[in-house]
Protein chains: 2
Amino acid sequence: MTLPHGAVETPVFMPVGTVASVKAVPQHLLEELNAQIILSNTYHLYLRPGHELIRRMGGLHRFMSWHRPVLTDSGGFQVFSLNELRKVTEEGVEFRSHLDGGLHFFSPEHSMDVQIGLGSDIVMAFDECTEYPAEYTRARKSLDLTLRWAERSKRHFDAHKHEVPWGAEDISPGPAPCDLRPSLFGIVQGGMYQDLRREAAERLVEMDFPGYAIGGLSVGEPRELTREIIAETLPLLPKDKPRYVMGVGYPDEIVEYAEMGVDMMDCVLPTRAARHGLLFTSEGRLNIKNRRFAEDQNPPDPECQCMVCGRYSRAYLRHLMASQEPLAAVLNTLHNLAFYLDTMRRLRERLETTSPSK
Amino acid sequence: MTLPHGAVETPVFMPVGTVASVKAVPQHLLEELNAQIILSNTYHLYLRPGHELIRRMGGLHRFMSWHRPVLTDSGGFQVFSLNELRKVTEEGVEFRSHLDGGLHFFSPEHSMDVQIGLGSDIVMAFDECTEYPAEYTRARKSLDLTLRWAERSKRHFDAHKHEVPWGAEDISPGPAPCDLRPSLFGIVQGGMYQDLRREAAERLVEMDFPGYAIGGLSVGEPRELTREIIAETLPLLPKDKPRYVMGVGYPDEIVEYAEMGVDMMDCVLPTRAARHGLLFTSEGRLNIKNRRFAEDQNPPDPECQCMVCGRYSRAYLRHLMASQEPLAAVLNTLHNLAFYLDTMRRLRERLETTSPSK
């Protein structure tokens with residue numbers, strides 16, 4: 001997958017940098033971890049520091065000094081999480097800021113403007129994330145809205161995609177001139193109803209996006225259902241375009257879905273869990289705060305080659321958590337991201353070997 | 001100055017790593033900053049995780065994976081900060097933990113045992129830090145106690161200094177076998193009374209320590225008084241041994257004192273101020289939270305060569321503070337330490353040139 005700010009090998013896991021920072025990790029260490037692309041949140045950046053400010057700073061890449069690709073979500077998921085603070089109409093969503101209660105309005109067109117202003121490499125269509133559980137008629141209505149919004153997103157995006165704040169000098173020396181522009185991905189919704197998912201996929205494929213996401217998962221449904229929806233939806237999306245499952249998951253999930261053919265995934269889990277002392281390792285999950293690690297001189301994960309496992313003991317990481325030291329978040333996050341990114345790297349190597357034609 | 005864990009060029013500024021971590025900075029970045037020696041706090045480490053645990057882990061260097069020299073304070077200063085929670089007798093100090101209110105007792109002998117157990121390169125004598133202001137008779141009495149405790153510290157240290165948790169394999173390949181042992185520094189007290197400072201210096205020099213500190217400064221007195229006490233005390237201490245002023249200061253202060261002949265200084269200022277958004281630069285102090293930096297694309301300090309100034313803008317650092325991102329503490333601390341350490345490096349080069357015989 002070649003994007004304006006560089007190539008991305010798939011399947012790929014995208015660390016989440018909500019407000020233009022992957023929490024607690026300096027950008028040069030993200031590069032050392034071989035993070036290829038990060039996700040940033042449109043809703044948060046729109047509120048603070050504001051997409052117009054970021055546009056004036058030359059876009060997200062320059063603003064945060066991250067020169068590899070960035071994907072932005074559409075703001076839809078966050079806005080829909082503000083249950084009591086929002087009002088949905090055909091036109092868009094009115095909502096109140098979680099920061100100061102101020103009134104704002106997002107439409108498909110506005111979401112495109114914000115994401116283009118941020119200068120994303122991959123822009124996501126503005127959708128309604130259907131809640132779980134949802135009745136069939138509710139999911140049906142929600143999907144129809146999402147599909148109308150997808151059309152509006154695409155129309156507006158195509159008309160304005162040249163307005164990104166970066167130019168030829170910022171981007172990777174690439175092949176075709178069309179690569180200078182961001183890409184807009186469509187999002188398959190439809191709740192947990194397979195016929196709605198099928199309809200969504202077909203309608204979006206007709207609209208011809210350069211990539212497709214499966215959204216509305218990891219919203220509280222049992223994991224078997226997540227798996228089932230992915231398994232049934234994936235074959236309906238073109239194999240030669242990136243297929244992205246949003247907001248998953250645990251290490252074994254991302255492996256499972258990647259083996260099923262998913263190309264892209266993102267999740268706050270490795271970074272958020274790290275800040276709470278939960279480490280993902282080849283031996284399973286470790287709650288590093290546990291007393292039993294107080295004198296454990298082993299690295300967090302004896303199989304891991306990361307900069308944390310190569311240097312620090314469980315005893316030390318446990319001490320940092322117990323003492324509420326800021327370094328705990330830094331080191332735990334570095335390890336968890338290394339574990340996720342390395343898991344995907346090994347998977348890519350394995351898939352490469354087993355299907356050399358791919 | 002050659003210590004068991006390596007050589008230190010003086011004058012040197014020592015970053016403070018209170019509980020075995022320089023807050024928010026991974027050890028490999030401290031190395032990249034060319035930090036030569038760090039200070040750790042005996043009181044805090046004694047309470048958590050405990051010096052016996054750290055001894056079992058092979059000492060502080062192994063525990064925190066920092067292989068350069070460490071100086072520990074005696075615990076005295078922290079214990080004396082616990083005004084309402086302590087009781088001083090000839091024998092030592094009874095105090096309550098700030099963590100859980102538990103009762104503890106520090107004597108000169110116990111402070112030596114703790115610091116030896118931690119495996120410091122430089123151990124500080126257990127002293128009473130005289131409060132400011134203090135009446136003459138109070139300062140006199142306090143100094144007498146400090147001097148008796150210095151003798152007891154030295155006697156106990158000499159009898160037990162071989163009990164450090166590290167061995168020949170941990171230390172820098174050095175010249176004499178005596179270098180395998182930590183050093184004990186005496187601390188000059190005496191409040192703001194020059195005759196008491198003189199007496200303290202003379203008595204400690206008689207006891208023959210390998211290095212001397214001037215303590216009891218930066219306790220609330222005006223800066224001219226700090227300067228005066230340093231200026232008058234310094235000539236009373238042997239020039240061929242390290243002279244250390246504890247707990248200072250602002251960038252211009254450390255330059256001033258180093259030019260007066262001070263070899264070692266430590267202070268929480270660069271790290272603590274960083275976490276509150278105060279940056280030290282060649283253009284003075286910047287409160288990076290200030291609105292006027294919101295769109296400032298300049299590096300924090302245009303003259304600075306550090307990894308933060310080479311990559312990030314004031315606008316980005318301001319955004320990180322405004323958004324309370326954990327990366328703010330990391331990047332601000334990295335810059336402030338770089339500024340302090342670089343200030344001292346330039347000063348060493350200048351002193352080297354102007355007095356090549358030194």
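Everything numeric here is computed off the predicted structure, so don't read it as measured data. Per chain, numbering begins at 1; letters A, B, ... match sequence-line order.
The minimum heavy-atom distance linking B:L320 with A:S21 is given by the pair CD2-CB, 3.7 Å. Scanning all heavy atoms of the two residues, the minimum distance from B:V19 to A:S323 falls at CG2-CB, 4.1 Å. Residues B:A24 and A:P326 approach most closely at N-CG, 3.7 Å, considering heavy atoms.
Looking at A:V25, only its backbone comes within 4.5 Å of chain B, counting heavy atoms on both sides. For a residue to count as touching a neighbouring chain, one of its non-hydrogen atoms must lie under 4.5 Å from one of that chain's; by this rule A:L317 does not touch chain B. The contact between A:V330 and chain B is made entirely by side chain atoms (from C-beta outward), counting heavy-atom distances below 4.5 Å. Contacts between A:A329 and chain B at a heavy-atom distance below 4.5 Å are absent for every atom of the residue. For A:H44, no part lies under 4.5 angstrom from a heavy atom of chain B.
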**Prompt:** Can you check salt bridge (Lys or Arg N to Asp or Glu O under 4.0 Å) on A:E31 and B:R311, steps first, answer last?
**Reply:** CA-CA 13 Å; A:E31 289 168 359; B:R311 177 150 198 168; 2.6 Å; yes

**Prompt:** Do B:Q27 and A:L327 pass the side-chain contact (heavy atoms from CB on, under 4.5 Å) test, and can you show the C-alpha distance, the side-chain angles, and the key distance before you say yes or no?
**Reply:** CA-CA 10 Å; B:Q27 275 69 315; A:L327 187 58; 3.6 Å; yes

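A:Y316 contributes no side-chain N or O that, together with a main-chain N or O of B:R62, makes up a donor-acceptor pair within less than 3.5 Å. Without hydrogens or angle criteria, A:H319 side chain to B:A20 main chain gives no donor-acceptor distance under 3.5 Å.
Scanning residues 50-58 of chain B against chain A with a 4.5 Å heavy-atom cutoff picks out B:L53, B:R56, B:M57, ordered by number. Using a 4.5 Å heavy-atom cut-off against chain B, the contacting residues of residues 287-303 of chain A are A:A294, A:E295, A:Q297.
Heavy atoms from other residues, nucleotides or ligands lying under 6.0 Å from NE2 of B:H276 number 12 at most. Taking a 6.0 Å sphere around CZ of A:F77, one finds it holds 12 or fewer heavy atoms contributed by other residues, nucleotides or ligands.
Taking 4.5 Å as the limit, some side-chain heavy atom of A:L29 sits within range of a side-chain heavy atom of B:H28.
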